[in-house]
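Have a look at the structure below, then the notes.
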Amino acid sequence: MTNMRALIGGSGAPRLVEVPVPTAGPGQVRIRTAAATVNPFDLAVASGKLADYGVARRLDSYGLGFDVAGTVDQIGDGVAFQAGEEVIGLVARLELPTKAQAEYVVVDATAVARAPRGRTAVEAATIPLNALTAWQALDRAGVGPGRTLLVTGAAGAVGGYLVELAALRGARVAAVAGAADEKEARELGAEWFVPRGEDVASAVRALVPGGVDAVVDAAVLGLAALDAVRDGGAFVALSSGVAPVALRGTDVATVLFRADAHQLAEVVRLVEDGRLTLRVADTYPLERAAEAHARLAAGGVRGRLVLVP
């Protein structure tokens, strides 16, 4: 096979094109894609606004897709994986001509881990970007045993991982989401729940006198969430350019995803142990990617939309 189908963006809706199959170089693996997710970051890539956000150069097009699950098809020099292994990976670079939403994708071996046993490729594809973002945000916020954490957007794909991973670390979690999502948030490990639309700071401080130790702001509430944090606490934003001013000595930071095979392997172990929940909202073939993008943009999706070549 010399050519493949791949999705690219940069001018609005995703476009399905035919391009040469990429080749794995030193330290890389080529994966035959079984499933690739659609994330909010894909919407930004497809829109062509990456340069406006200052995170990529202005190009005619960009490859789409960060998460991949599939089978190793080709290995470069210095790689421990073997052809035929089922894996998951994170394609973190923004300016590649094609990425995970394609029939084949080349990924650095340092961004790849063995796929979880007993899970489908569609389920496994929901792990890398969202779970690693949550893991790294919790690290930055200093979340550990006995600490109190506020998670905004707790019903979303990243938010669900934030709640569950924080609870697994022994933290006490307050979740903000739509009122209909309370049951799920509590099942994921939230001790307290605040319905979206309430005065978040007042509601949280009524539950946790003095304020929580940290917040991870997946819903981009900004100052409204910062006011729920105790003096000298931590605030982590998950989007570029939206972090609030560090009032009251708060440690404010922005965490964007990065590939980390070791962390990804740790997440896989939690999945295999039944301690981490994978949520699939729906699946679409590559040729219907525009529908998946539009559905995600409309909001209200619980779990992740997954493309299947």
Side-chain angles (χ1 to χ4, degrees), residues 1-10 13-39 41-43 45-46 56 59-116 119-130 132 257-261 264-265 268 280 283-293 304-309:
M1 183 176 184
T2 58
N3 288 335
M4 68 172 186
R5 298 180 303 154
L7 287 162
I8 62 172
R15 291 185 291 130
L16 189 60
V17 297
E18 187 169 295
V19 295
V21 175
T23 301
Q28 295 181 319
V29 298
R30 187 172 70 193
I31 299 170
R32 185 171 71 250
T33 303
T37 63
V38 179
N39 288 285
F41 219 125
D42 288 306
L43 305 185
V45 175
L59 304 176
D60 291 336
S61 66
Y62 306 85
L64 294 175
F66 296 89
D67 296 312
V68 63
T71 305
V72 174
D73 170 75
Q74 184 185 67
I75 57 174
D77 292 339
V79 173
F81 289 101
Q82 301 294 319
E85 285 190 78
E86 294 182 356
V87 295
I88 58 174
L90 176 63
V91 191
R93 292 172 59 195
L94 297 177
E95 296 186 0
L96 297 174
T98 62
K99 296 177 64 175
Q101 292 177 18
E103 292 177 314
Y104 292 84
V105 60
V106 168
V107 187
D108 292 337
T110 53
V112 176
R114 175 181 54 80
R119 298 293 186 146
T120 66
V122 168
E123 291 174 315
T126 67
I127 296 172
L129 186 147
N130 293 312
L132 288 179
F257 56 86
R258 63 178 172 84
D260 188 309
L264 196 55
V268 166
V280 176
T283 60
Y284 293 81
L286 283 181
E287 56 268 22
R288 292 176 56 200
E291 295 177 40
H293 279 232
R304 188 49 75 217
L305 301 175
V306 183
L307 299 178
V308 180

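The analysis underlying the following values was restricted to heavy atoms, covering all of them including side chains, and did not include hydrogens, waters or symmetry mates.
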Q: Taking all non-hydrogen atoms of both residues into account, name the closest pair between A113 and A265 and its distance.
A: CB-N, 4.0 Å

**Q.** Main-chain N/O of A24 paired to Q74 side chain as donor or acceptor, under 3.5 Å
**A.** yes

Q.
Apply side-chain contact (heavy atoms from CB on, under 4.5 Å) to residues I88 and V268 and explain how you reach the verdict.
A. CA-CA 9 Å; I88 58 174; V268 166; 3.7 Å; yes

Q | Where A111 and L264 come nearest, the two heavy atoms and their spacing | A | O-CD2, 3.9 Å

Q: Report yes if some heavy atom in the side chain of Q28 is under 4.5 Å from a heavy atom in the side chain of D108; otherwise report no.
A: yes

Q) Once you round to the nearest 0.5 Å, how far does OG1 of T33 lie from OH of Y104? A) 9.0 Å

Q.
To the closest 0.5 Å, what do you measure between CZ (R32) and CD (E86)?
A. 9.5 Å

(Q) Could you report the tightest heavy-atom contact between A36 and A100, atom names first, then the distance? (A) CB-O, 3.4 Å

Q. To the nearest 0.5 Å, what is the distance between CG (L132) and CZ (R258)?
A. 8.5 Å

Q) So does E85 have more than 12 non-hydrogen atoms from other groups sitting under 6.0 Å from CD? A) yes

Q) What's the spacing between E18 CD and N3 CG if we round to 0.5 Å? A) 4.5 Å

(Q) How long is the straight-line distance from CZ of R304 back to CD1 of I127, given to the nearest 0.5 Å? (A) 13.0 Å

**Q.** By salt bridge (charged side-chain N to carboxylate O under 4.0 Å, His left out) - contacts of R15 (at least two apart)
**A.** none

Q | Value rounded to 0.5 Å, distance of CD in E95 from CG in L59 | A | 5.0 Å

Show the atom names and distances, to 0.1 Å, of all donor-acceptor pairs under 3.5 Å that link a side chain in residues 63-72 to residues at least two apart or in another chain.
unit_1 : atom_1 : unit_2 : atom_2 : d
D67    : OD1    : L129   : N      : 2.6
D67    : OD2    : T37    : OG1    : 2.5
D67    : OD2    : N39    : ND2    : 3.0

Q: State, to 0.1 Å, how close P128 and G89 come at their nearest heavy-atom pair, and which atoms those are.
A: CG-O, 3.5 Å

Q: Please report the closest heavy-atom contact between P20 and M4, naming both atoms and the distance.
A: O-CE, 4.1 Å

Q | Any donor-acceptor pair under 3.5 Å from K99 side chain to Y62 backbone | A | no

(Q) Any side-chain to backbone donor/acceptor pair from S61 onto G10? Under 3.5 Å, distance only. (A) no

Q: State, to 0.1 Å, how close R114 and F81 come at their nearest heavy-atom pair, and which atoms those are.
A: N-CE2, 4.4 Å

Q | Which residues share a side chain to side chain contact (heavy atoms under 4.5 Å, CB included) with A292, sequence neighbours left out | A | V38, Y284, L305, L307

